[in-house]
Amino acid sequence: MTRWLVTGAGGMLGLDLQVTLALAGVDEDDVTALTRDDLDVTDPEAVRDAVRGHDVVVNCAAYTAVDAAESHEGQAFSVNAVGAANVADACRTSGARLVHLSTDYVFAGDADEPYAEDAALVPLSAYGRTKAAGEWAVQARCPQAWIVRTAWLYGAAGPNFVKTMAALAQRHDTLDVVDDQRGQPTWTMDVARAVLRVVDGSAPFGVWHATSQGDTTKYGLTREIFRLLGLDPDRVRPTTSDAFPLPAPRPAYSVLGHDAWRMARLPLLPRWEASLAESIEDVVAEPPTS
Ligand SMILES: NC(=O)c1ccc[n+]([C@@H]2O[C@H](COP(=O)([O-])OP(=O)(O)OC[C@H]3O[C@@H](n4cnc5c(N)ncnc54)[C@H](OP(=O)(O)O)[C@@H]3O)[C@@H](O)[C@H]2O)c1
């Protein structure tokens, strides 16, 4: 019997992780799911108390407002770096294994082939810097840790790109969408299942890339969203990032390699088109809330 603790349990991934644990037959008494109101990861004593008695901790808590982080880097750092360090310290002290979620934004996005798990971290944005600092803190403090990077996440809960594009499709005849940012759209349920595979398969500790197979641009993704919703994909028009200036720079090429899965002979995540097709009805059922 493995006792699980999920931090940031009210977030998009945290919620689907709870669904996945239940679907995998984990007894609800063996899962402690703590939202930000229940546990603030910036409080080291509260984190230590919460972690005690658990075998696996999945740290989904994060400051994820990428643009707001540019002007609130200290706040983002306190959650993404100090919070991660607190969780890592508590896991080391109690002997729990840690799954820490991270992001493609730790990379500059100027590569022309998928980033390996051990590629150098060169974040472009404040959010990316704080997440990179979180990774370093976890690696330095907790030997029994998996750092699971994901990217371009969407799911049934929480605002995300897929929900936003589906909502905009109702209000506009045409949509201009950037065609110069390439990545791997990834469903939260696939990441949650990947987390279970890593833990249950006793995969080697270290860095794992939990992203879909295949890649596309935001424009390509939006065309596929339209197609799956029975809308005309030609209503989506390609543009460049210059047309949508944002506070935080986005990596142009955010494609992560999957060698760790191959080396461990664990199944890779599905292709992005397959997961989008499977999930889109659920994902767009609730409109984006922010
Ligand atoms: N979303 C993406 O596209 C994406 C891409 C790559 C990687 N990731 C990573 O995946 C992980 C999960 O992201 P997500 O999309 O599920 O994000 P999310 O929906 O924003 O969830 C993060 C959760 O953490 C909570 N939180 C914030 N500060 C906290 C604190 N001090 N203590 C405890 N909880 C706190 C948030 O609560 P409030 O909502 O109340 O603030 C929220 O419930 C994160 O590590 C993120 O960096 C996400």
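Read the numbers this way: they start at 1 and go in the same order the structure lists the ligands and their atoms. Note that the coordinates shown come from a computational prediction; the quantities given were computed from them, not determined experimentally.
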N/O to N/O below 3.5 Å, does that happen between Leu153 and ligand 1?
yes
With a heavy-atom distance limit of 4.0 Å, tell me whether Ala62 approaches ligand 1 through its side chain, its backbone, both, or neither.
both
Nearest option to atom 37 (O) of ligand 1, as decided by whichever heavy atom of Lys131, Arg36, Met12 sits closest:
Arg36
Rounded to the nearest 0.5 Å, what separates atom CG in Leu13 from atom CG in Leu101?
5.0 Å
Between Ala157 and ligand 1, find which residue part has any heavy-atom pair under 4.0 Å and reply side chain, backbone, both or neither.
neither
Per-atom contacts of ligand 1 with Leu13, taking only distances under 4.0 Å to non-hydrogen atoms
12 (C), 16 (O)
Worked check of side-chain contact (heavy atoms from CB on, under 4.5 Å) between His72 and Tyr63
CA-CA 10 Å; His72 297 88; Tyr63 182 109; 3.7 Å; yes
Quick look: Thr64 vs ligand 1, heavy-atom contacts under 4.0 Å, and the answer is side chain
For Phe161, which part has a heavy atom under 4.0 Å from ligand 1: side chain, backbone, both, or neither?
neither
Run Asp110 and Tyr253 through side-chain contact (heavy atoms from CB on, under 4.5 Å) and show every step you take.
CA-CA 6 Å; Asp110 55 358; Tyr253 181 83; over 6 Å; no
Quick check: does Thr103 get an N/O under 3.5 Å from an N/O on ligand 1?
no
Within a distance under 4.0 Å of any heavy atom of Val41, pick out the atoms of ligand 1 and give their elements.
30 (C), 31 (N), 32 (N), 33 (C)
Is atom 26 (N) of ligand 1 near the protein, in the sense that some protein heavy atom lies at less than 4.0 Å from it?
yes
Mind checking the OG-CZ spacing from Ser94 to Arg52? Nearest 0.5 Å is all I need.
8.5 Å
Name of the residue among Val162, Val191, Thr103 meeting side-chain contact (heavy atoms from CB on, under 4.5 Å) with Leu153:
Val191
Can you list the atoms of ligand 1 that are under 4.0 Å from a heavy atom of Leu39?
32 (N), 33 (C)
When only distance counts, is Gly11 in polar contact with ligand 1, meaning an N/O pair under 3.5 Å?
yes
Give, for atom CG of Asp234 and atom CZ of Phe226, the distance between the pair rounded to the nearest 0.5 Å.
10.5 Å
Counting each atom of ligand 1 from 1 as listed, which ones have a heavy atom of Asp40 under 4.0 Å away?
30 (C), 31 (N), 32 (N)
Near Cys60, which atoms of ligand 1 are under 4.0 Å from a heavy atom of that residue?
12 (C), 22 (C), 23 (C), 24 (O)
May I ask you to check if ligand 1 and Thr42 share an N or O to N or O distance below 3.5 Å?
no
Looking at Ala84, Gly134, Ala61, the heavy atom closest to atom 34 (N) of ligand 1 belongs to Ala61
